[in-house]
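One structure is given here, and the rest of the page talks about it.
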Amino acid sequence: MSFIVAIDGPAGTGKGTVTEILSKKFNLINIDTGATYRCVTLDMLNKGIKLEELDKIKELLKNLQIELKVENGKQLVFLNGKEVTKEIRNKEVSGLVSQVSSIKEVRLSMVDLQRKMAEGKNVIMEGRDIGTYVFPTADVKIYLDADLEERAKRRFKQNVEKGLTMSYVEVIDNIKKRDENDKQKEIGALKVAKDAEVIDSTSMSINEVVREISSIIKKKQKDIKMQEKIYRVRKETAWKKFVRKLVKVTLGVVYRIAFRVKITGQVPDEGAYVLCCNHINYLDAAAIVLFNKRKVNFVAKEDLFQHGILMWLGHLFDVIPIKRDMQDIDAMKRCLKVLKNGELLGIFPEGTRKGMEKNMKAKNGAAFMAMKAKVKVIPIGIHGTFKPFSKVYMNYGEPIDLSGYTKDNLDEATENIMDTIVMLTKKED
Ligand code: DC
């Protein structure tokens with residue numbers, strides 16, 4: 001798995017400097033995509049190829065070799081084996097590069113190269129279209145901006161330090177032209193990605209910008225680690241089985257002290273079933289898991305795993321985390337695997353607590369899973385106030401066969417399940 005930080009924005013916003021610092025700080029490979037377009041431009045200038053000579057440009061692209069290397073902590077650019085780090089920033093290249101980078105063939109070829117450079121690696125990439133086109137699924141997207149005059153001042157100072165000759169007027173004129181051209185490109189135009197963090201660096205120091213981006217990267221890395229922890233499937237071992245049994249017995253005793261649990265019916269001894277229950281309290285899922293003779297693999301929203309003890313219990317009881325705001329294909333695959341293995345899958349069709357009370361439409365996921373895996377649904381009606389020492393009724397119904405439904409009438413299948421559950425919630429004895 002690679003980690004990708006995209007730093008986009010117009011010229012002179014400090015992208016290069018910030019990217020270099022961050023690459024060292026977070027041990028990320030620094031890919032300056034602007035340098036790749038500059039190399040093509042320099043090669044064209046060296047070979048006397050004009051912008052309109054497309055055949056010659058295509059030929060040039062076929063034989064082009066660009067390498068970005070770090071030597072003694074400095075990023076060096078090599079074009080066809082020759083070091084061109086300074087040369088690609090000269091006046092001629094800077095004046096032409098934006099137009100060169102607008103040529104479709106150049107763009108496609110460079111984007112391909114940039115993607116290959118990043119393949120399977122942890123990288124920080126600076127450019128114009130990284131977050132929008134090269135890596136639209138980048139982990140962190142930053143759009144660095146600043147006022148035109150401030151950017152021109154910075155670029156002028158940078159040029160002087162690098163020994164490049166360009167007047168301030170030339171620099172501001174060049175940046176202005178490039179901004180316009182970069183925003184109008186057919187492919188990979190300069191624009192803010194929808195999910196990018198915009199940072200205006202006009203009155204910020206480099207250190208302040210670095211600090212702000214660092215905290216965004218750190219937060220993302222922390223989130224990714226958490227996701228990995230939540231989604232890592234823990235293998236079934238004898239020890240896990242033993243601990244599960246112990247926890248089940250212990251929590252079962254505590255539960256029965258807290259509530260007077262009345263259960264009618266049960267699940268068959270063998271075979272795959274989807275257990276569907278109404279959801280009034282977190283404790284209803286616990287009741288199904290603790291007082292079932294078989295293991296029930298429940299589906300639960302991933303937020304449940306954010307808390308240490310709940311994450312531990314979730315993994316112990318093989319709870320399947322699900323992202324609720326999207327079609328979670330991985331979770332669906334895990335659910336189907338459970339059913340294929342002949343096990344029990346627990347789902348609350350209401351999708352949330354007291355969904356029925358809130359008049360929310362039940363979700364079709366349970367019916368879909370049952371139909372896809374060709375298994376029956378066991379409805380469970382639960383009711384009680386969950387006040388200490390009160391009665392909690394848990395009524396298991398007869399398995400529901402959904403083979404008469406198709407994916408076109410999932411709503412009806414779900415209604416059938418929910419109607420049966422509602423009937424079971426009324427049963428007391
Ligand atoms: O970042 P830079 O100034 O070295 O970029 C040189 C030119 O290359 C700039 O005018 C825009 C273009 N470019 C681009 O179109 N897409 C990128 N991802 C990076 C640079």
Side-chain angles (χ1 to χ4, degrees), residues 4-20 22-23 30-45 51 57 61 64 66 68 75-77 79 84-118 123-136 138 141-146 148 151-159 162 164 166 170-193 196 201:
I4 296 172
V5 178
I7 311 272
D8 288 308
T13 46
K15 291 191 307 287
T17 317
V18 166
T19 302
E20 199 175 335
L22 290 168
S23 82
N30 179 358
I31 301 176
D32 172 6
T33 59
T36 64
Y37 293 104
R38 285 177 181 271
C39 280
V40 179
T41 312
L42 179 63
D43 211 19
M44 279 171 63
L45 286 167
L51 285 168
I57 295 173
L61 289 170
L64 193 76
I66 299 172
L68 306 179
Q75 161 102 234
L76 301 180
V77 183
L79 167 63
V84 292
T85 317
K86 195 169 159 191
E87 220 177 323
I88 56 166
R89 313 237 162 239
N90 71 23
K91 204 189 316 189
E92 290 71 32
V93 173
S94 293
L96 196 67
V97 61
S98 186
Q99 284 154 285
V100 171
S101 66
S102 303
I103 301 168
K104 192 173 150 201
E105 284 74 9
V106 172
R107 242 193 135 79
L108 294 178
S109 169
M110 288 305 103
V111 168
D112 193 40
L113 173 75
Q114 291 154 17
R115 286 181 182 151
K116 281 198 184 111
M117 281 175 167
V123 301
I124 182 160
M125 269 191 157
E126 60 142 317
R128 306 291 190 282
D129 58 344
I130 311 304
T132 53
Y133 187 68
V134 184
F135 284 109
K141 293 184 190 178
I142 306 290
Y143 187 91
L144 253 191
D145 211 348
L148 175 68
R151 291 194 278 129
K153 263 193 240 159
R154 288 179 194 170
R155 190 42 63 91
F156 178 70
K157 193 168 162 246
Q158 214 175 41
N159 284 352
K162 285 183 181 164
L164 295 166
M166 234 199 264
E170 277 176 315
V171 171
I172 199 162
D173 189 46
N174 174 260
I175 289 187
K176 226 194 267 178
K177 277 196 193 127
R178 279 207 287 153
D179 275 2
E180 273 163 34
N181 198 39
D182 288 345
K183 283 178 185 162
Q184 272 151 30
K185 282 181 183 139
E186 193 190 328
I187 307 172
L190 171 66
K191 60 178 176 219
V192 185
S201 72

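The figures that follow rest on heavy atoms only: side chains count, while hydrogens, waters and symmetry mates do not. Order of listing sets the numbers, starting from 1, for every ligand and every atom in it. Because the structure is predicted, anything quoted here is derived from the model rather than measured.
Residue contact check: R107 has heavy atoms under 4.0 Å from atoms 14 (C), 15 (O), 16 (N), 17 (C) of ligand 1. Applying the 4.0 Å criterion to heavy atoms of V97 picks out, from ligand 1, the atoms 6 (C), 7 (C), 8 (O). Here is the list of ligand 1 atoms found below 4.0 Å of a heavy atom in R38: 2 (P), 3 (O), 4 (O), 6 (C). Atoms of ligand 1 lying under 4.0 Å from at least one heavy atom of G127, given by number and element, are 17 (C), 18 (N), 19 (C). Set against the non-hydrogen atoms of D182, the atoms of ligand 1 under 4.0 Å away are 9 (C), 10 (O), 11 (C). For ligand 1, the atoms closer than 4.0 angstrom to any heavy atom of R89 are 4 (O). Here is the list of ligand 1 atoms found below 4.0 Å of a heavy atom in K185: 11 (C), 12 (C), 14 (C), 15 (O).
Heavy-atom proximity to atom 18 (N) of ligand 1, evaluated over T13, D32, D129, is greatest for D129.
For atom 19 (C) of ligand 1, the nearest protein heavy atom (residue, atom name, distance) is T33 OG1, 3.3 Å. Distance from atom 20 (C) of ligand 1 to its nearest protein heavy atom, with residue and atom name: G34 CA, 3.5 Å. Atom 12 (C) of ligand 1 has its closest protein heavy atom at S101 OG, 3.6 Å. Of the protein's non-hydrogen atoms, R128 N, 3.4 Å is the one closest to atom 17 (C) of ligand 1.
Between R178 and ligand 1, at least one N/O pair is under 3.5 Å apart.
Two residues are said to be in side-chain contact when any heavy atoms from C-beta on lie closer than 4.5 Å; T132 and D129 meet this criterion. Counting only heavy atoms from C-beta outward, the side chains of T33 and V134 never approach each other to under 4.5 Å. Side-chain contact between N181 and S102 is present, with heavy atoms from C-beta onward closer than 4.5 Å.
Between D182 and R128 there is a salt bridge, since at least one side-chain N of the basic residue sits less than 4.0 Å from a carboxylate O of the acidic one. Remark: K183 does not engage D179 in a salt bridge, criterion side-chain N to carboxylate O under 4.0 Å. Between R89 and D32, at least one side-chain N (NZ, or NE/NH1/NH2) sits under 4.0 Å from a carboxylate O, which counts as a salt bridge. A salt bridge is defined here as a Lys NZ or Arg NE, NH1 or NH2 lying under 4.0 Å from an Asp or Glu carboxylate O, and K91 with E170 meets this definition.
Of the N and O atoms on the side chains of K177 and S98, not one donor lies less than 3.5 Å from an acceptor on the other residue. Side-chain N/O atoms of R178 and N174 include a donor and acceptor closer than 3.5 Å.
Neither the backbone nor the side chain of Q114 has a heavy atom within less than 4.0 Å of ligand 1. Under 4.0 Å from ligand 1, not a single heavy atom of M110 appears.
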Evaluate K185 against S101 for side-chain hydrogen bond (donor to acceptor under 3.5 Å, both in side chains), listing each step before the verdict.
CA-CA 9 Å; K185 282 181 183 139; S101 66; 2.9 Å; yes
